[in-house]
2 protein chains.
Amino acid sequence: MSESDETGGEAAAMEEALRSEGVRLTRQRRAILQVLAEAADHPDAPELHRRVQEADDTVSLATVYRTLSVLETKGVVQRHAFEGAPARFETADAPHHDHIIDLDSREVIEFTSPEIERLQKEIARRHGYEVVSHRLELYCRKRR
Amino acid sequence: MSESDETGGEAAAMEEALRSEGVRLTRQRRAILQVLAEAADHPDAPELHRRVQEADDTVSLATVYRTLSVLETKGVVQRHAFEGAPARFETADAPHHDHIIDLDSREVIEFTSPEIERLQKEIARRHGYEVVSHRLELYCRKRR
DNA sequence: GTTTGTATTGCAACTCATTCGCAACTGCAG
DNA sequence: CTGCAGTTGCGAATGAGTTGCAATACAAAC
């Protein structure tokens with residue numbers, strides 16, 4: 001544990017959480033978890049697969065998809081399906097946030113707005129609903 | 001024109017707009033436009049196809065998709081890709097709105113919030129961006 | 001350690017929504 | 001009317017993601 005840095009610790013913490021949920025920890029899952037914890041961006045499944053294979057080229061794309069599903073249902077990973085693009089993934093360490101998508105670079109910026117959050121709840125209530133989940137994405141271009 | 005009601009007028013208005021944009025008005029496109037104008041809900045392509053075929057069973061699903069693309073680029077139709085479901089469509093008559101999706105009935109309720117809209121622009125600006133488009137969806141359940 | 005039963009994997013085949021190639025057809029400008 | 005570029009129907013192709021199945025590998029019990 002002396003050699004672990006932040007992302008190393010993150011992956012380890014996730015493994016811990018998964019083990020206690022009865023998820024079997026395989027070589028493949030460890031590798032995927034590791035790469036995801038190290039990722040600063042929001043990779044899609046094929047990109048994740050590519051990165052995982054650098055460390056372990058026996059991992060198949062199917063397993064990447066299956067593992068992502070497991071991790072998502074266990075609350076360890078978040079899936080985002082942005083407009084007209086394959087789904088992208090990130091670790092669910094940060095509490096909650098919405099996204100700005102840079103239309104030119106496809107870069108993703110995270111933000112939170114308690115104010116918007118509050119207004120959403122209020123609007124739902126006004127219509128007789130309660131919010132189970134929501135999706136807020138701003139497709140943007142850099143201002144010059 | 002004496003027998004036309006609101007939706008009839010809506011379809012006619014759209015045809016007008018399209019003709020002036022140089023879009024060729026075929027029997028199929030008229031039928032699709034008509035059905036869309038009459039729809040109170042947000043049908044997906046196969047459902048739209050089903051409804052169109054009641055009036056004209058020579059219209060193919062491929063043409064429904066192609067027509068929807070044309071109508072979308074001409075700004076006459078709006079496409080919405082809600083979570084984990086095929087895209088759904090509506091006429092772009094109302095100015096702009098976001099959606100509440102009833103998770104149980106799949107019903108869609110429209111709403112607007114100038115306040116949220118304003119906050120979105122502000123957030124984008126704070127990050128050096130300007131909003132090109134956005135997507136705000138509230139996945140909800142009825143309150144009891 | 002070894003055994004063992006079940007979860008997990010790799011592969012290839014499959015699904016689902018949507019798009020495309022192409023030959024036949026048809027609005028509509030002249 | 002004519003002509004031809006824009007449209008259509010068909011079925012085949014695509015792209016993202018899922019699944020059946022036999023082989024494999026966790027990890028709990030010995």
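Numbered from 1 within each chain, the chains take letters A, B, ... in sequence-line order. Heavy-atom basis, side chains included; hydrogens, waters and symmetry copies ignored.
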Counting only side-chain heavy atoms from C-beta out, which of C/dG10, D/dG17, D/dT8 sits nearest to A/A87?
D/dG17
Nearest heavy-atom pair of B/T63 and B/I32: which atoms, and what distance?
O-CD1, 4.1 Å
Has A/Y65 got a side-chain N or O lying under 4.0 Å from the OP1 or OP2 atom of D/dG17?
yes
Quick one: does B/R66 reach the base of D/dG9 with a side-chain donor-acceptor pair under 3.5 Å?
yes
Taking atom P of D/dG9 as reference, at what distance in whole Å does atom CG of B/D57 sit?
11 Å
Protein-nucleotide distance (A/R79, atom CZ; D/dG17, atom P), rounded to Å:
7 Å
With a 4.0 Å cutoff (strictly under), does any side-chain N or O of B/T63 reach OP1 or OP2 of D/dG9?
yes
Counting the atoms with a prime plus P, OP1 and OP2 as sugar-phosphate, which does A/L25 contact under 4.0 Å by heavy atoms, base, sugar-phosphate, or nothing?
sugar-phosphate
Quick one: is D/dT8 close enough that its OP1 or OP2 comes under 4.0 Å of any side-chain N or O from B/T26?
yes
B/H127 ring center near B/Y129 ring center (under 6.0 Å)
no
Minimum-distance nucleotide to A/R29 side chain [options: C/dT8, D/dG9, C/dA12]
C/dT8
Atom pair distance, as rounded to whole Å: CD in A/E47 and P in D/dG15:
18 Å
From CG of B/L18 over to P of C/dG27, roughly how many Å is that when rounded to an integer?
16 Å
Going by the rule side chain to side chain donor-acceptor pair (under 3.5 Å), which residues pair with A/E137 if we only count those two or more places apart in sequence or in a different chain?
A/Y139, B/R135
Measure CD/B/E72 against C1'/C/dT19 and give the value in whole Å, please.
14 Å
Kindly point out which of C/dT6, D/dG17, D/dT7 is positioned nearest to the side chain of A/R24?
C/dT6
Gap between atoms NZ and C1', on B/K74 and D/dT7 respectively (whole Å):
15 Å
Nearest whole angstrom, please: distance from the P of C/dT9 to the CG of A/L61.
13 Å
Side chain to side chain donor-acceptor pair (under 3.5 Å) between A/E110 and A/H42, intermediate numbers included:
CA-CA 11 Å; A/E110 305 176 351; A/H42 298 63; 3.0 Å; yes
Phosphate oxygens OP1/OP2 of D/dG9: is one of them under 4.0 Å from a side-chain N or O of B/Q28?
yes
